[in-house]
Amino acid sequence: MTLLDIPADSGFGLANLPYGVYSVAGGPRRCATRVGDVVVDLAVLLGDDDFAAGTLETFMAAGPRRWAQVREAIRAAVRADVPDAALHPVGEVTMHLPCEIADYVDFYASEHHASNLGRLFRPDNPDPLLPNWKHLPVGYHGRSSTIVVSGVDVVRPCGQRKGPNDPEPVFGPSVRLDIEAELGFLVGVGNDMGSSIGTGAADEHLFGAVIFNDWSARDIQAWEYVPLGPNLGKSFASSISPWVVPMAALEAARVPTPTQEPTPLPYLRMDEPWGLDIDLSVRWNGHEVSRPPYREMYWSPAQMLAHTTVNGARTRTGDIFASGTISGPGADQRGAFIELTWGGKEPVDVGGQERTFLLDGDTVTITATALGAGGERVSFGEVTASILPARC
Ligand code: CA
């Protein structure tokens with residue numbers, strides 16, 4: 001038995017207690033939480049069969065009362081003697097997706113990002129926001145089957161592109177490969193087809209959050225996206241961080257969203273729409289190039305979930321919806337390279353090298369922390385991946 005050291009300044013103290021799925025040395029997948037730099041097996045720690053399988057789905061589907069009970073049980077158990085068989089140094093495990101990803105919707109909830117992209121993609125339009133943007137959280141349906149966990153490298157996609165001066169479209173590897181630093185929210189309890197989830201009921205359904213990197217091939221996207229939105233420019237890969245931070249661990253990080261004016265329609269209205277005070281950091285080949293602030297996001301996660309289901313669409317355990325690129329007002333707060341480099345015209349310094357878009361071999365790592373209970377920081381860990389050469 002071991003009495004765990006629980007460092008409050010690690011980001012993985014008692015205010016966090018995230019959930020993940022790990023394996024050791026090619027063994028079976030198992031559910032865990034993380035305390036400091038130790039991965040703690042939940043089936044061994046709690047003797048709870050819901051954690052014996054290599055996925056969190058059963059627990060995620062059980063709902064908020066059970067989530068709260070288990071969180072208290074973990075909190076008590078990790079402060080007592082822990083069986084040695086439950087403990088693994090974080091460096092000795094392989095992390096996996098926390099669950100099978102069901103459906104995936106990606107939103108566009110940052111006014112700063114949407115405005116910057118409007119200026120870049122529609123430079124002749126006097127209003128960078130389209131007329132619907134402040135009336136509904138704009139989103140598109142993405143590809144869940146290519147959502148991968150941190151550490152899985154990304155092959156440069158191939159596709160059609162047609163630059164403004166190209167007479168005809170051409171096919172080949174993307175030459176404007178980009179990132180989008182986002183948060184992803186995982187649904188625990190879904191809703192039946194024909195029903196909807198009101199803005200006040202998000203806590204009954206949302207299980208937790210991860211960091212989400214929505215890899216984006218800007219050249220493929222720019223040519224294909226009119227009039228139906230992104231498709232192959234996005235669907236080749238999205239990466240998530242492996243530790244799911246429970247929504248309960250993010251209660252201390254709740255802050256009001258920016259003022260929503262005009263007032264949204266009743267199904268999106270909230271007395272006090274809440275956002276989250278979460279600081280992200282984007283590192284390109286180890287050099288920090290941006291610090292996107294989640295608190296700047298215009299639409300609340302509760303509003304995005306309400307909008308997703310207001311037409312009677314079903315959600316399921318393992319559904320994920322991503323926030324859209326997180327960009328703040330500052331030039332060093334932009335969560336995509338197309339914004340940071342202003343369409344590739346203003347290269348950024350990456351350790352003495354100039355970069356606009358991603359080169360083969362480049363590595364992007366996104367980290368995030370939130371304010372937790374008692375003033376502790378709550379860490380999301382990281383999502384990282386490197387770019388492999390195209391295969392076309
Ligand atoms: Ca996105």
Side-chain angles (χ1 to χ4, degrees), residues 101 103-122 128-130 132-133 136-148 150 154 157 159 174 176-186 209-226 228-241 275-276 278 280 282 284 289-290 292-294 296-301 303-305 307-308 319-328 333-341 343 357-358 364-366 368 380 383-385 387:
I101 304 297
D103 278 286
Y104 157 46
V105 172
D106 191 22
F107 283 97
Y108 197 46
S110 160
E111 183 174 359
H112 303 290
H113 173 71
S115 298
N116 284 336
L117 273 262
R119 292 184 190 103
L120 285 164
F121 277 72
R122 297 180 303 278
L129 291 180
L130 289 172
N132 59 2
W133 198 88
L136 58 87
V138 169
Y140 70 94
H141 205 111
R143 177 161 294 268
S144 52
S145 58
T146 37
I147 293 178
V148 293
S150 177
V154 170
S174 169
R176 288 164 72 88
L177 185 56
D178 196 355
I179 66 151
E180 294 191 335
E182 312 189 11
L183 284 190
F185 295 91
L186 277 162
V210 293
I211 313 169
F212 195 102
N213 185 351
D214 178 26
W215 304 94
S216 299
R218 300 299 181 195
D219 40 2
I220 298 172
Q221 180 187 355
W223 172 230
E224 75 174 356
Y225 88 110
V226 179
L228 288 184
N231 189 11
L232 304 189
K234 302 276 194 175
S235 62
F236 57 95
S238 309
S239 303
I240 65 171
S241 54
L276 294 164
I278 297 173
L280 285 83
V282 178
W284 196 339
V289 292
S290 178
Y294 194 86
E296 293 283 340
M297 301 300 271
Y298 187 86
W299 294 105
S300 168
Q303 291 171 315
M304 292 188 252
L305 184 60
H307 187 68
T308 299
D319 269 25
I320 195 167
F321 64 90
S323 61
T325 306
I326 304 160
S327 291
Q333 295 180 317
R334 296 169 179 167
F337 298 154
I338 192 171
E339 288 171 84
L340 272 177
T341 67
F357 294 97
L358 288 159
V364 175
T365 304
I366 308 172
F380 283 71
V383 59
T384 189
I387 303 303

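Values reported hereafter were calculated over all heavy atoms of this structure, with side chains retained and with hydrogens, waters and symmetry mates removed. Since this is a predicted model, take the numbers as computed values, not measurements. Note that ligands are numbered from 1 as they come in the structure, with each ligand's atoms numbered from 1 the same way.
Seen from the Ca ion (ligand 1), atom OD2 on D106 and atom OE1 on E180 lie at an angle near 150° (rounded to 10 degrees).
Between H307 and F107, the two ring planes are perpendicular [angle over 60°; tilted spans 30° to 60°].
As for D214, its N/O/S atom nearest the Ca ion (ligand 1) is the one called OD2. Between the Ca ion (ligand 1) and the N, O or S atoms of E182, the shortest distance is to OE2.
By the 4.0 Å N-to-carboxylate-O rule, R119 lies too far from E339 to be salt-bridged with it.
For S174 and D219, the side-chain atoms include at least one donor-acceptor pair closer than 3.5 Å.
Checked against a 6.0 Å centroid threshold, the rings of Y225 and Y140 do not count as neighbours.
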